[in-house]
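Take a look at the structure set out below.
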Amino acid sequence: MAELPILVAPDQRLKKRSEPVTQVDDELRRLMDDMLETMYAAPGVGLAAPQVGVNKRVLVADASREGEEPQPYRMVNPEVVWTGEETETQEEGCLSLPEVYAEITRPRQATIRYLDENGAEQTVEAEGFLATVLQHEIDHLNGVLFIDYLSSLKKNMILRKLAKQYKGGKSRKNRAKETAA
């Protein structure tokens, strides 16, 4: 397994809609393992393939709380097939938007259909924090960042700040190396 560099907004690769996966194979399983390692090391609770420069509909997530047994999800071609009417507002952050947080309102419940790491169709009925995490990551696969739910003014301020911090489209990992040097 290997830790992958995470793209930082306003990198335009984060705004592209990801391509569906046609085959779940060893290469894709290796990608998901690397993504999980990257997510845990960051640390984060979810990571979508576009965030590591791969334009495929793949995500990993683990919404377990500190002290709980890890519960990683590896999802291929995930889609939201149902959301409840009840909403919940939670503070969201993103590995591609370092040190940026905002209150975002999303459906409190969501049913997600996906293929697992073996290519078998699965369904998860998520609520609360897990529902938020999965909806956030699926947004990434559609080229949507959580700041897209904010006003244009707030969103543009955040993107200008990040562009200044991460000149030249550097990843978080490369930026961290420069800062440590």
Rounding to 0.5 Å, atoms CD (Gln109) and OG1 (Thr132) come to a distance of 11.5 Å
Do [X] and [Y] land in one hydrophobic cluster if side-chain heavy atoms of ILVMFWY residues count as linked below 4.5 Å?
X: Leu47; Y: Met75; value: no
X: Tyr73; Y: Tyr40; value: no
X: Tyr149; Y: Leu159; value: yes
X: Leu145; Y: Ile104; value: yes
X: Ile112; Y: Leu59; value: yes

Between [X] and [Y], what is the shortest heavy-atom contact and its length?
X: Asp11; Y: Arg13; answer: OD2-NH2, 2.7 Å
X: Phe146; Y: Cys94; answer: CE2-CB, 3.6 Å
X: Leu7; Y: Pro50; answer: CD1-O, 3.4 Å
X: Leu134; Y: Ala61; answer: CD2-CB, 3.9 Å
X: Leu97; Y: Ala9; answer: CD2-CB, 3.6 Å
X: Pro107; Y: Ala131; answer: O-CB, 4.4 Å

Contact check, side chains of [X] and [Y], non-hydrogen atoms, under 4.5 Å:
X: Thr87; Y: Arg108; result: no
X: Val8; Y: Leu14; result: no
X: Leu31; Y: Glu27; result: no
X: Arg160; Y: Asn156; result: yes
X: Lys154; Y: Ile147; result: no
X: Val58; Y: Val54; result: no
X: Pro43; Y: Leu95; result: no
X: Glu88; Y: Glu86; result: no

Arg74 NZ/CZ over Tyr114 ring centroid, <6.0 Å and within 45° of normal = no
Sidechain N-carboxylate O distance under 4.0 Å for [X], [Y]:
X: Glu92; Y: Arg106; result: yes
X: Lys56; Y: Glu19; result: no
X: Arg29; Y: Glu117; result: no
X: Asp25; Y: Arg30; result: no

Donor-acceptor contact present, side-chain [X] to main-chain [Y], <3.5 Å:
X: Lys155; Y: Leu150; result: no
X: Asn142; Y: Arg17; result: no
X: Asp62; Y: Ser64; result: yes

Does a donor on one side chain and an acceptor on the other come within less than 3.5 Å for [X] and [Y]?
X: Arg57; Y: Asn77; value: no
X: Glu137; Y: Gln135; value: no
X: Gln122; Y: Asp116; value: yes
X: Glu3; Y: Thr38; value: no

Val24 and Asn118: side chain to side chain contact (heavy atoms under 4.5 Å, CB included), yes or no, with the steps?
-> CA-CA 7 Å; Val24 178; Asn118 299 311; over 6 Å; no
Pair Thr111-Glu125, side-chain hydrogen bond (donor to acceptor under 3.5 Å, both in side chains): steps then yes or no = CA-CA 4 Å; Thr111 301; Glu125 295 190 16; 4.7 Å; no
From CA spacing to verdict: side chain to side chain contact (heavy atoms under 4.5 Å, CB included), Asp34, Met32 | CA-CA 5 Å; Asp34 290 347; Met32 289 187 281; over 6 Å; no
Considering residues, nucleotides and ligands other than Glu85, do more than 12 of their heavy atoms fall under 6.0 Å from its CD?
-> no
